[in-house]
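These notes concern the structure reproduced below.
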Amino acid sequence: MIVKRNLLCVRPKKSLDLGDVLLYEPYKNILLNLRELCTNINAKDFDPISKVYDGLLSVPKDIQEYYEALLGVTSYYHHSQGGRGKYIEKKIASSFDTCTLDIELSKLPLWLEYPDLHKKKGLFTQQGLLPEEKKTLRLSQWDWLGNRDVTTDVGSIIKDEKTIVLVELKNRIDSGGTAGRREIWTSEKFGIFVEYLKTNQKLFRKGDKDFSLAELLKDFDINTLEIYIGVLFDKGDNPATLQADKTNGFYSSSKQGFEFLKKLAQGQTVQIITADTDNLQMQFNLTYSGLKIKIGALYGDDITFKLFRKAFPISDLLLLRYDDIWLSLLITIEERAILLKYKKNCFTIVLDLLKRDNELRGMFDNLIDTEVDENMLTNIINYLLLNYKNVFEDKLIPSGKDKKEYLGDLIQFLCAVET
């Protein structure tokens with residue numbers, strides 16, 4: 001039975017919302033490389049040392065090609081990191097207009113002056129900017145005077161509250177280890193902010209005027225600065241909680257870091273209003289400024305609520321469940337194994353037939369135009385098996401696979417590559 005798959009890359013890029021666009025280019029690049037592995041025997045080779053170490057010279061002959069294909073495909077995939085590292089931050093930033101990512105303290109004036117441009121650069125990198133936008137960034141009138149810079153994962157400008165919110169993210173309660181959790185609170189991240197606020201050090205210059213962090217925020221009509229560590233998920237796919245962090249995470253490391261930060265904040269220029277060590281929440285004011293500072297830990301849905309000031313379930317970040325990657329990887333492993341064994345496979349046969357059969361090309365083009373209509377997919381598989389039954393030999397179909405279903409998946413994979 002032919003199964004219609006939920007593939008992102010069969011859809012035109014211009015029709016996608018921002019959350020899907022973030023996945024589209026990385027997915028498309030992976031699929032294009034997997035196509036090469038399906039069709040080119042020389043696309044992946046192993047040096048003599050790898051052959052020995054990985055067992056390619058000792059694997060039983062009846063599974064040799066499959067094992068080599070498995071190693072080749074999976075090693076490629078695990079080295080294709082593009083688009084993966086910052087995906088969750090980009091997804092959060094794309095969900096709210098004034099939310100952005102990769103906020104450098106030294107570039108804080110640029111974010112406050114040009115929030116849309118800062119967001120665009122964060123989501124699509126420098127290459128995604130127009131020439132005039134790049135020029136705007138190059139010609140910034142703000143100089144950085146500080147000696148220690150710090151970058152925060154995501155942040156939001158809440159204009160009606162005259163507030164900015166900065167959040168350093170951890171994907172799970174067990175991400176980063178004890179040292180990774182503790183350093184966020186100490187002199188690697190939050191401690192830098194506290195030291196600058198405590199000393200009122202001049203950090204920025206515009207023209208002939210210097211600004212401390214508090215003075216800069218006042219100049220941009222910001223009355224409250226909120227800084228948080230945000231833990232997204234527990235050890236499963238559920239939103240993280242303080243209790244889950246205490247039971248299975250690194251809460252104790254956070255608590256140690258929080259206590260360090262509380263001590264660091266103490267001084268003549270700082271008035272601590274609240275310091276809840278158990279819940280990892282602190283608020284303090286500055287004697288020389290009206291700026292209010294809140295620093296703490298957030299879990300699960302509280303992260304998006306603080307960033308957006310409205311309910312946004314963290315679980316919604318996991319709802320983009322497309323079939324492109326798992327489907328193409330499994331097909332590529334099978335097709336490469338068959339290619340290594342027989343010097344041809346269903347993928348190369350379909351590509352050859354598309355060169356030779358004008359009617360088939362028309363059907364394939366219509367299939368792409370409809371974003372893989374299920375009836376058209378069924379028709380093209382029936383056409384292939386009716387007109388080229390002898391070409392699709394049983395030995396070219398993976399053991400245990402239904403021929404129609406397998407070819408249906410392969411055609412959908414090819415559509416995702418060619419769209």
Side-chain angles (χ1 to χ4, degrees), residues 2-3 5 7-10 23 25-85 322-356 364 381 384-385 388-419:
I2 299 170
V3 180
R5 305 298 184 181
L7 300 179
L8 173 64
C9 290
V10 300
L23 287 177
E25 290 297 339
Y27 274 24
K28 181 68 78 171
N29 182 63
I30 289 170
L31 265 58
L32 285 167
N33 281 282
L34 292 179
R35 179 190 191 274
E36 183 71 5
L37 288 168
C38 283
T39 57
N40 181 2
I41 288 179
N42 298 318
K44 177 64 180 178
D45 197 9
F46 292 89
D47 61 61
I49 303 301
S50 295
K51 288 181 178 180
V52 173
Y53 185 84
D54 295 332
L56 283 167
L57 300 180
S58 59
V59 66
K61 287 187 177 181
D62 58 329
I63 60 168
Q64 185 173 8
E65 292 84 7
Y66 186 86
Y67 181 65
E68 183 176 341
L70 179 66
L71 283 182
V73 174
T74 54
S75 66
Y76 156 72
Y77 180 71
H78 287 300
H79 282 88
S80 60
Q81 299 293 325
R84 205 180 312 181
Y322 291 111
D323 299 328
D324 303 57
I325 299 301
W326 72 263
L327 181 70
S328 58
L329 280 171
L330 293 179
I331 288 176
T332 302
I333 291 170
E334 299 285 7
E335 287 295 287
R336 184 156 184 82
I338 293 166
L339 181 68
L340 293 170
K341 190 171 186 176
Y342 298 111
K343 309 300 185 263
K344 64 179 180 179
N345 57 25
C346 293
F347 211 104
T348 60
I349 290 170
V350 169
L351 290 176
D352 184 63
L353 292 176
L354 284 169
K355 294 178 184 177
R356 300 174 182 278
F364 184 68
I381 299 305
L384 287 171
L385 293 180
Y388 302 103
K389 182 178 180 180
N390 294 334
V391 177
F392 294 100
E393 305 170 66
D394 289 344
K395 70 178 184 180
L396 302 180
I397 306 299
S399 177
K401 297 285 186 180
D402 176 79
K403 185 177 289 189
K404 279 192 172 184
E405 181 179 347
Y406 184 74
L407 290 176
D409 284 343
L410 189 148
I411 292 294
Q412 289 179 83
F413 170 24
L414 185 56
C415 285
V417 173
E418 298 294 335
T419 299

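Looking at heavy atoms from C-beta onward, P398 lies in side-chain contact with I338 at the 4.5 angstrom threshold. Looking at heavy atoms from C-beta onward, I30 lies in side-chain contact with Y76 at the 4.5 angstrom threshold. In this structure the side chain of C38 never reaches within 4.5 angstrom of the side chain of L339, judged on heavy atoms. The closest side-chain heavy-atom distance from T332 to Y77 is not below 4.5 Å. Looking only at side-chain heavy atoms (C-beta outward), E335 and L410 come within less than 4.5 Å of each other. Two residues are said to be in side-chain contact when any heavy atoms from C-beta on lie closer than 4.5 Å; N345 and E334 fail this criterion.
Between D402 and E405, the shortest heavy-atom distance links the atoms OD2-N, 2.9 Å. For the pair L385 and K389, the tightest heavy-atom approach, listed with the atom from each and the gap, is O-CB, 3.0 Å. The minimum heavy-atom distance between V73 and L329, with the atom names listed, is CG1-CD2, 3.7 Å. Across every non-hydrogen atom of K44 and S75, the tightest pair is CE-OG, 3.5 Å. Scanning both residues, Y322 and L7, for their nearest heavy atoms gives CD2-C, 4.3 Å. Counting all heavy atoms, side chain and backbone alike, C346 lies closest to I397 at SG-CD1, 3.7 Å.
The closest donor-acceptor contact from the side chain of T74 to the backbone of L70 lies under 3.5 Å. Of the possible polar contacts, none joining the Q412 side chain to the V10 backbone as a donor-acceptor pair under 3.5 Å is found. Side chain of R336 to backbone of Y66: no donor-acceptor contact under 3.5 angstrom is found.
Of the options V59, D54, L340, a side-chain contact (heavy atoms from CB on, under 4.5 Å) to E68 is made by L340 and by none of the others.
For the atom pair S328 OG and L414 CG, the distance stands at 12.0 Å (nearest 0.5 Å). Here the NZ-CD1 distance, from K341 to I41, works out to 14.0 Å after rounding to the nearest 0.5 Å. For the atom pair CG of D323 and CG of L8, the computed distance is 10.5 Å after rounding to the nearest 0.5 Å. Taking OH of Y406 as the reference point, atom CG of L396 lies at 9.5 Å (rounded to 0.5 Å). Put simply, CG on L354 and CD1 on I411 are 7.0 Å apart, with the number rounded to the nearest 0.5 Å. The distance from atom CZ of F413 to atom CG of L34, rounded to the nearest 0.5 Å, is 5.0 Å.
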task = Give the intermediate values and the outcome of side-chain contact (heavy atoms from CB on, under 4.5 Å) for residues F364 and E418.
result = CA-CA 10 Å; F364 184 68; E418 298 294 335; 4.1 Å; yes

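Using a 4.0 Å cut-off between a side-chain N of Lys or Arg and a carboxylate O of Asp or Glu, E65 and K343 do not qualify as a salt bridge. Salt bridge present: D394 and K403 bring a charged side-chain N and a carboxylate O closer than 4.0 Å.
Annotation: D62, atom CG; neighbour count of heavy atoms from other residues, nucleotides and ligands within 6.0 Å is above 12.
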